[in-house]
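As a basis for the values below, the full set of heavy atoms in this structure was taken, side chains included, without hydrogen atoms, waters or symmetry mates. None of these values were measured; they are calculated from a predicted model.
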Amino acid sequence: DGGVTIGLIILVTHAHGADNNQRIRALFSSAFAITAVIGVCGLLPLAGLVTFVDWGALLKLTDPALQSEAASVAAIIILSMAVGYPACVVRQGRLGLQQGAEANTWDLAATLITFAGQLAVVYSGLGLVALATVTAATPVLLNTISSALFLLTNGREFRPQLSLASW
């Protein structure tokens, strides 16, 4: 995301130290807007272009089954990144709010659920596309859930508002 969410940590820390919740809300709003633009304008077009790449040749894949799944896997990874950038904003903001334990608890949950999902996919023989989906999308989904819960409960005062976004 070009360092947007990493930069958010220090800026939120400064605003939190100054007890400036309106500044934190503006920072969340700006970070959401920028990461959404990066995801929609930068990554989504790439997901559409994956079908034009010869993944078999690029990755030196000899198995025809893998060659046919490679484009789907690449699209899943790119789409997960596109959604993952804005989904990561609240997590990084919470680090700036000195709520690292809460953010890390959600990360642990994502890791455990991802691992369980990977085991289920492998033992069920669902294939590479399912494995890539579980691996790439589960952390994004948990980040999204964590963000929504935070912004709907004890982080209500930090809810992003487009009019507060600064480019």
For side-chain contact (heavy atoms from CB on, under 4.5 Å), just list the numbers for Arg25 and Glu157, CA-CA rounded to whole Å, side-chain angles, deciding distance to a tenth of an Å, and then say yes or no. CA-CA 7 Å; Arg25 186 175 186 196; Glu157 68 269 24; over 6 Å; no

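- In terms of heavy-atom proximity, Ala110 sits nearest to Thr138 at O-CG2, 4.1 Å.
- Panel note: side chain Thr13, backbone Gly96; a donor-acceptor pair is recorded below 3.5 Å.
- Leu59 and Val53 fall within the same hydrophobic cluster, defined by Ile, Leu, Val, Met, Phe, Trp and Tyr side-chain heavy atoms under 4.5 Å apart, directly or through other members.
- Atoms CG and CD, from Asp63 and Glu69 in turn, are 8.5 Å apart once rounded to the nearest 0.5 Å.
- With contacts defined as side-chain heavy-atom distances shorter than 4.5 Å, the pair Leu151/Arg156 does not qualify.
- The distance from atom CG of Leu97 to atom NE2 of His16, rounded to the nearest 0.5 Å, is 5.5 Å.
- Inter-residue side-chain proximity for Arg91 and Leu142 is flagged as unmet; no heavy-atom pair is nearer than 4.5 Å.
- Other residues, nucleotides and ligands contribute over 12 non-hydrogen atoms within 6.0 Å of the CG atom of Leu58.
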Worked verdict on Val73 versus Trp55 for side-chain contact (heavy atoms from CB on, under 4.5 Å): CA-CA 10 Å; Val73 169; Trp55 293 99; over 6 Å; no

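- Looking at Pro139 and Thr114, their side chains come closer than 4.5 Å, going by heavy atoms from C-beta outward.
- Contact check for Leu149 versus Trp106: side-chain heavy atoms found under the 4.5 Å cut-off.
- Heavy atoms only, all atoms of each residue included: Ile34 and Ser166 are closest at CD1-O, 4.2 Å.
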Can Val140 and Asn143 be said to form a side-chain contact (heavy atoms from CB on, under 4.5 Å), step by step? CA-CA 5 Å; Val140 173; Asn143 246 342; 5.6 Å; no

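- Residues Leu27 and Phe158 are not in side-chain contact: their nearest non-hydrogen atoms beyond the backbone lie 4.5 Å or more apart.
- Taking 4.5 Å as the limit, some side-chain heavy atom of Asn20 sits within range of a side-chain heavy atom of Gln22.
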Chi angles and distances behind the side-chain contact (heavy atoms from CB on, under 4.5 Å) call for Val12, His14: CA-CA 5 Å; Val12 168; His14 285 285; over 6 Å; no

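- In plain terms, the two heavy atoms of Phe28 and Leu8 that are nearest each other are N-CD1, 4.4 Å.
- No side-chain donor-acceptor contact under 3.5 Å links Gln118 to the backbone of Val134.
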